[in-house]
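Report on the structure given below.
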Amino acid sequence: MLLELDHVSKIYGDLHAVDDLSLSVGEGEWLAIVGSSGSGKTTLMNIIGCMDTPSEGSVSLEGRQLNDLNAGQLADVRKNVIGLVFQKFYLVPHLTAVENVMVAQYYHSVVDEEQAMESLRNVGLEDRAHHLPGQLSGGEQQRVCIARALINCPKLILADEPTGNLDGANEKIVLDLFKQLHEQGTTIIVVTHDALVASCAQREIMLNHGVLVGEQWNDEDARRRYVEAGGKPGVAEAASMSDRVSDQEAAPSSDIPVGFADPTKAAKTDGASLPDDTGV
Ligand code: ADP
Ligand code: MG
């Protein structure tokens, strides 16, 4: 397994933002995390991305316990293993597209414009390289962010609502990029409110109040490989989301907020009416 979370909690006072969550993610897997807003998705991503530490439990990435690493070593993991894509673009407004990509190189102490151009070429933006973010559409800005995240060829892409601000056409461009990265062997974890984006992943897990309440595989071969590699079911009592959905049909329960059948379209609508809750 590339990533293993063992009984991870993040506790703020009385609030368990992430609550006793165990999860394994195999090398090369594409996982989607869904759940209504406030369910702990970003907190979980920050923990996986070495930007936050759990209050309880442990995380291991590439077989290394993150708890054992010091700040410098954690920064190295962030730099060398992980590529981050956010809903908000976080581009420097007075730098051009190619310069924004080079900012990521700067943190790797190698600034190489040709390599930055190559990364922009990979996302189809070579001809926009010398435009400022303000001169780019939302979709183009997100592609610059993806180019920036790809600069160090990360093993693991963490994307928190990457298409949250995009229209359908740009969402498709970003999804196609993810598909390409996945085919090249990159492990992808994407938080999304969008049923279509979630359905592109091989597996979806659902959080509710920080608890992992559901799991659904969309790709049976991937599920088999995961099990063969020793991956455990995400939900403790080994209930898959489809089991739960049929339970629900038999005896409707208010515990499960949103079903995978129409994962989180409703949540997306909620998100749209709450502009402050950007999901980042
Ligand atoms: P999501 O990304 O699913 O919308 P978050 O992970 O952002 O959810 O937040 C989960 C819960 O944790 C929310 O109730 C949020 O208010 C709370 N939370 C997140 N960060 C902090 C923090 N730094 N201090 C206190 N509460 C926090
Ligand atoms: Mg969030």
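By convention here, the first residue in the shown sequence is residue 1. Just so you know, ligand 1 is whichever comes first in the structure, and atom 1 is the first atom listed for that ligand.
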In terms of its nearest heavy atom to atom 14 (O) of ligand 1, the top option of Leu15, Asn46, Leu44, Ile11 is Leu15

Can a salt bridge be assigned to the pair Arg203 and Asp219 using a cut-off of 4.0 Å between side-chain N and carboxylate O? no

Please determine whether Thr42 has a backbone or side-chain N, O or S atom lying under 2.8 Å from the Mg ion (ligand 2). yes

Polar contact flag for Ser37 and ligand 1 (N/O pairs, less than 3.5 Å): no

Those atoms of ligand 1 less than 4.0 Å from some heavy atom in Ala17: 11 (C), 12 (O)

Check ion pair Arg121-Glu118 (N to O, under 4.0 angstrom): yes

Gly38, Ser39, Ser36: member with heavy atom nearest to atom 11 (C) of ligand 1: Gly38

Under 4.0 angstrom from ligand 1, any heavy atom of Gly40? yes

Can you list every pair that meets side chain to side chain donor-acceptor pair (under 3.5 Å) and has a residue in residues 55-73, with sequence neighbours left out? Glu62-Lys155

Quick one: which of Leu91, Val123, Leu125, Leu120 gives a side-chain contact (heavy atoms from CB on, under 4.5 Å) with Val101? Leu120

In plain terms, say whether Lys172 and Asp176 are close enough for a salt bridge, that is, a side-chain N and a carboxylate O under 4.0 Å apart. yes

